[in-house]
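Down below is the structure, laid out as structure tokens.
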Amino acid sequence: MTEPTTVTPMVKSEGVHKYFGRLEVLKGIDLQVMPGEVMCVIGPSGSGKSTFLRCINHLEKLTAGKLWVDGELVGYRQKGDKLHELRDREVAAKRSEIGMVFQRFNLFPHMTACENVMEAPIQVKGVSKAAARDRALALLERVGLADKPKAYPRELSGGQQQRVAIARALAMDPKLMLFDEPTSALDPELVGEVLAVMRQLANDGMTMVVVTHEMGFAREVGDTLVFMDDGVIVEQGHPRDVIANPQHARTKSFLGKVLT
Amino acid sequence: MTSPETTEQQDRTPPDQIVAVPVRHPGRWVAAAALLVLTAMLINSLVTNPAWRWDVVWQFLFSSRVLSGLWLTIELTALAMVIGVVLGIVVAVMRLSRNPIVSTIAWVYAWFFRGTPVLVQVIFWSFIAVLYPTLSLGIPFGPEFVYFDSNLLIPIFAGAVLGFGLNEAAYMSEIVRAGILSVDQGQTEAAEALGMTRLRILRRIVLPQAMRVIIPPTGNETISMLKTTSLASVIAVGDLFTQVQLIYGGNLLFVPLLVVASIWYLVLTSLLSIAQYFIERRYSRGTVPVRKARFLGLGRPNSGWA
């Protein structure tokens, strides 16, 4: 990417470390995601890629390092050379600008598809019920579920549930979307419909960070591919280059296992 | 099962259904016969034994004293359960709070009110005027600003409601806490990622899902409370059981009058069970019922024979 340096990166990470107890899960992550960029993160399980994603919207607290979203520090406010922890309400307000899609969908089972999408705009943004409903129906149509607004999550297939979850995140008009292995819990024949929605989203210019095992998606849709292993970024670059010509032995060995 | 040719046939005939002799259950027939005999014996004794005094039961079943006691029992149960449920939710949420002082207060509350007999608590609240003739608001060891006469502030009936309600809240808080903990952590995370605040997540996302776990034991607690209110007889609140005791204290016909009380408790319990069924149905939205609850234990748990 050849963005001019004056553009504020959507995500900027400097020396991010994360410990769970004495276990160091992230060992210094430095990266940048520019607005409109689609970054795919791959790596073996336990490499820390999901943890890093969860740090971006402060679902996990950093142990060390700094993380900015759209130029603002995540979780803290800097006054002079001191960091002040943000209050719950302030953290929530920042999260509302970042959409997140989970591996296990995490739809609200007691609400219909439409109610799932309407919930946050009404509760967080104070949008009127009628306006939220119109928007929700439009979003459900966008993800190909115009005929399912009244269905409860239990009545939908995995692929349909994940598309509702994407619509739910989009309802908050996020400036950044985080995907945490969005297709890993799906039956193989349902993966395509979710990837199609994500591809459409990328074409519309959404900034996305996608933790995934879908190499085809990474190659076709991603602008950057990051390979993480054991809490560090081993290699990053344009997806085609990384996949066709990996520089590190660890990348080669991992790609050899996933590209069959 | 079938050869390739048959599966590709255009107009397949439906498969022959299995015709087999079902498993016989002679034990069920023996049990049914035994039950029939025992029931007949029971009814016979109820009808023929004059000591039951059904005429007296009938005479008092709808008497004004019994009915006023019945109404008081309903009031006492309803008010105590309202206090119990509302305060129970508050205590449960406090217990799960990240604020260590708040969660300690909740723990001490449950420890104290579950650890002392409800009878003692009821008597204590009803006769608090003995301990504190006046209640006042003010600075400890300093000046007092507002005075209340305890007897006026907390009459006997209110004391009973408080005693039962505060005790119930301690038990309900544990039920609510179990319900909250039963909701998948992913639900909270998804709501947090959408920018919802903790209290809103609790009210909109977690509690509605916790209700499915909370309601059955709460129904239990309500039914239990209905009968526990009979303890109020010790503080001379005229509930159903107190009224019945007063009547048989006069005429010494204690068997038929205890039957009267039991009939009414059974009626109320039945009504509560029906109410519980409808509330459970309300909160099972979005979940496919695995098996419909059976009424009176009748009906088959499996689809059974055609």
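By convention in this document, chain letters (A, B, ...) are assigned in the order of the sequence lines, proteins followed by strands, and residues within each chain are numbered from 1. For clarity, every value in this text was computed on a predicted model and none was experimentally measured.
B:Q17 CD: 12 or fewer foreign heavy atoms inside a 6.0 Å radius. Heavy atoms of other residues, nucleotides or ligands lying less than 6.0 angstrom from CZ of A:R135 number more than 12. Atom CZ of B:R203 is surrounded by more than 12 heavy atoms from other residues, nucleotides or ligands within 6.0 Å. Within 6.0 Å of CD on A:Q78 lie more than 12 heavy atoms contributed by other residues, nucleotides or ligands.
When A:A120, A:A93, A:P109 are compared by the number of non-hydrogen pairs under 4.5 Å with chain B, A:P109 comes out ahead. The candidate with the highest count of non-hydrogen atom pairs below 4.5 Å against chain B, out of A:L107, A:L178, A:I98, A:V101, is A:L107. In terms of heavy-atom pairs under 4.5 angstrom with chain B, the leader among A:R104, A:R89, A:E119 is A:E119.
Both the backbone and the side chain of B:R204 come within contact range of chain A, with heavy atoms under 4.5 Å apart. Residue contact with chain B, scored on non-hydrogen atoms closer than 4.5 Å, involves the backbone and the side chain of A:R168 alike. Heavy atoms closer than 4.5 Å to chain B are found in both the backbone and the side chain of A:F108.
A:M111 and B:I205 get closest at one heavy-atom pair: CE-CD1, 3.9 Å.
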Margin query: Run B:E192 and A:H58 through side-chain contact (heavy atoms from CB on, under 4.5 Å) and show every step you take.
Written below: CA-CA 10 Å; B:E192 279 178 343; A:H58 208 50; over 6 Å; no

Item checked: Trace of the side-chain contact (heavy atoms from CB on, under 4.5 Å) decision for B:D184 with A:N106 -> CA-CA 9 Å; B:D184 179 29; A:N106 294 348; 4.3 Å; yes

Check: Do B:I201 and A:Q123 pass the side-chain contact (heavy atoms from CB on, under 4.5 Å) test, and can you show the C-alpha distance, the side-chain angles, and the key distance before you say yes or no?
Finding: CA-CA 10 Å; B:I201 293 170; A:Q123 296 294 327; over 6 Å; no

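The OG1 atom of B:T197 sits 11.0 Å away from the CZ atom of A:R95 when rounded to the nearest 0.5 Å.
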